[in-house]
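Okay, structure first, notes after.
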Amino acid sequence: MKYQHKQIAKSKLKSRTIKDKAIRVLVVLLSVVTISPIVLIIFKLIEKGYKQISLDFILKTPPNSYEAMTALANGELIPGGIANGITGTLLMMVVAAVMAIPVGVVTGIYLYENPGKFMANLTRNISDILQGVPSIVLGLIAYIWVVKSITNGYSALAGSVSLAIMMLPMIVRSTEETLKMIPVTIKEAALALGVPYYKVILKVLIPTGFSGLLTGILLGISRVLGETAPLMLTALGSTIINLNITKPTSAVPLLIWEFYNDPNMVGLIWSSSLLLMAIVLSLNLISKQIAARTK
Amino acid sequence: MNDNIKQIKDPVLSIRNLSVSYDKGKYAVKDVSVDIKRNSVTAIMGPSGCGKSTLLRAINRMHELYENIETTGTLILNGKDITNMPTIQLRRMAGMVFQRPNPFPTMSIYDNVIAGYKLNGISLKRSEKDEIVERSLRDVTLWDEVKDTLYKKGTFLSGGQQQRLCIARALAFDPEVILLDEPTSALDPIATAKIEDLLVTLKENYTIILVTHNMSQAARISDYSMFMYLGELVEYGKTKDMFTKPRDRRTEEYLTGKFG
């Protein structure tokens with residue numbers, strides 16, 4: 001009896017070991033599948049794009065189609081760069097951040113301060129729904145609100161409005177989550193010193209959760225940095241460097257779309273994508289660093 | 001109970017008919033009237049949920065933050081009615097120290113001590129600040145340990161040091177009373193002993209009210225003790241008397257470990 005029992009245990013052990021190994025292999029395999037797209041993307045972008053990257057690429061505006069064609073015919077690199085796109089993206093990001101950060105942070109504080117209240121729950125749900133609105137729809141809204149009625153024409157401002165609406169729910173959520181992580185004892189310590197409530201928020205909670213807030217904001221920015229669809233309906237694009245928010249403006253993703261549509265310029269899509277990818281990746285890494293340092 | 005009130009002359013704090021209720025009709029503290037002796041350590045004891053922390057927090061009106069908590073009764077601190085006093089004024093007179101050390105993580109040791117001034121926007125001269133910081137840190141016997149690292153973050157200190165820093169932060173306002181809510185429950189025995197010694201020295205200049213569920217701590221350092229049960233103040237008197245001949249059966253049962 002005893003012997004038989006041992007036998008069964010042994011065979012079970014064997015099948016378990018095999019199962020265990022199989023699962024291990026599967027996990028590793030699936031992890032590889034998960035990370036391979038990003039590795040392949042970066043590899044492809046570097047392979048195809050590195051030749052075009054130079055100082056000119058950052059400082060000059062794109063060539064016209066004819067110049068690009070000549071360069072291609074002579075077997076040279078396409079001259080010029082994407083300075084109009086870089087400045088346009090920067091301009092719209094700054095304007096969008098200026099609009100979205102205060103609204104988002106204040107809304108996040110409101111949600112944190114009123115847990116379980118009807119209005120707060122409603123706001124949170126609406127903010128979550130907003131996160132799911134297709135970006136092209138936000139572009140349309142900004143077109144109606146800004147292009148048609150404020151700037152009377154395509155403009156950087158309209159682009160910024162659509163991007164700000166996209167950033168908003170992310171900032172709201174990250175603010176609320178960051179504040180929730182601060183121990184309530186810190187808040188009590190300030191209140192026990194007689195500090196008025198609004199000062200507790202401004203001088204204690206926000207500085208304490210500052211890195212968390214910053215992380216959320218950076219992730220929000222990096223998320224909308226590559227948006228193209230809403231910009232097509234709002235910022236439109238421009239061949240020159242434009243820093244006037246009421247005028248049409250280019251952006252890196254818009255340029256990539258334009259290059260793609262011009263057979264002579266198509267060589268520039270890789271280097272432009274590489275640059276965009278580098279900015280997004282470094283924003284992600286910076287926010288990860290900030291988050292890690294404060295834990 | 002009323003005998004107890006009469007015993008204490010020139011009390012620093014008089015609590016009259018204090019009740020605190022959560023929601024409607026659920027009392028955490030029921031009709032407590034008590035006088036606190038100046039320059040003494042008064043311990044509030046009782047089993048978990050007896051309302052001892054609630055009573056302590058009612059003194060500096062920490063409950064006002066919560067809408068569903070209702071407080072009734074009168075509080076007289078140093079002859080002044082503090083029931084409706086602006087909280088900034090009240091909390092300068094009644095400092096509070098919590099269960100877990102909670103220095104502000106973004107501030108240096110120096111800034112933590114004068115946080116009450118800083119956060120309330122009270123501007124001080126550099127020399128005044130230095131003086132307050134040194135006096136408060138000396139009072140809590142932390143000065144010698146941190147005088148070379150005043151500009152480092154307060155959170156780098158050990159748990160016991162952090163708690164002494166929090167006491168220093170409360171002392172910086174030069175309060176009448178210091179309210180401590182189980183200040184040693186998160187500390188090791190050595191740090192606890194230091195804090196206990198400190199409280200005994202501090203009573204020369206301040207009045208200390210201490211919530212503790214550690215009976216031996218109450219016996220070691222307090223001059224007066226309250227025993228609370230189910231929101232009621234069951235017994236109040238000199239600690240020596242209460243521990244040797246408790247008048248109420250519930251006090252005796254608690255002190256002898258029959259419940260708690």
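Chain naming here is simple, since letters A, B, ... match the order of the sequence lines and numbering starts at 1 in each.
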**Asked** Which atom names give the shortest non-hydrogen contact between Met96(B) and Ala192(A), and what distance separates them?
**Response** CB-CB, 3.9 Å

Heavy-atom count around [X] [atom1] within 6.0 Å, excluding the residue itself: above 12?
{"X": "Ile190(B)", "atom1": "CD1", "answer": "no"}
{"X": "Phe118(A)", "atom1": "CZ", "answer": "no"}
{"X": "Trp145(A)", "atom1": "CH2", "answer": "no"}
{"X": "Tyr27(B)", "atom1": "OH", "answer": "no"}
{"X": "Arg135(B)", "atom1": "CZ", "answer": "yes"}
{"X": "Lys153(B)", "atom1": "NZ", "answer": "no"}
{"X": "Asn84(B)", "atom1": "CG", "answer": "no"}
{"X": "Glu131(B)", "atom1": "CD", "answer": "no"}

**Message:** For chain B, which candidate among Pro196(A), Ala189(A), Ala190(A), Pro207(A) shows the most heavy-atom pairs at distances under 4.5 Å?
**Reply:**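 Most heavy-atom pairs within the cutoff with chain B belong to Ala189(A).
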
**Request:** Report the distance from atom CG of Asn60(B) to atom CG of Leu193(A), rounding to the nearest 0.5 Å.
**Result:**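 It comes to 10.0 Å.
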
**Message:** Heavy-atom cut-off 4.5 Å, strictly under: side chain, backbone, both or neither for Lys203(A) against chain B?
**Reply:** both

**Request:** Select one option (side chain, backbone, both, neither) describing which atoms of Tyr197(A) are under 4.5 Å from chain B's heavy atoms.
**Result:** side chain

**Asked** What part of Arg57(B) gets closer than 4.5 Å to chain A, counting heavy atoms only: side chain, backbone, both or neither?
**Response** side chain

**Message:** Does anything in residues 98-124 of chain B reach chain A? List residues with heavy atoms under 4.5 Å apart, or say none.
**Reply:** Phe98(B), Asn102(B), Pro103(B), Phe104(B), Pro105(B), Thr106(B), Ala115(B), Gly116(B), Lys118(B), Leu119(B), Asn120(B), Gly121(B)

**Item:** Heavy-atom contacts under 4.5 Å, residues 171-181 of chain B to chain A
**Value:** Phe173(B)

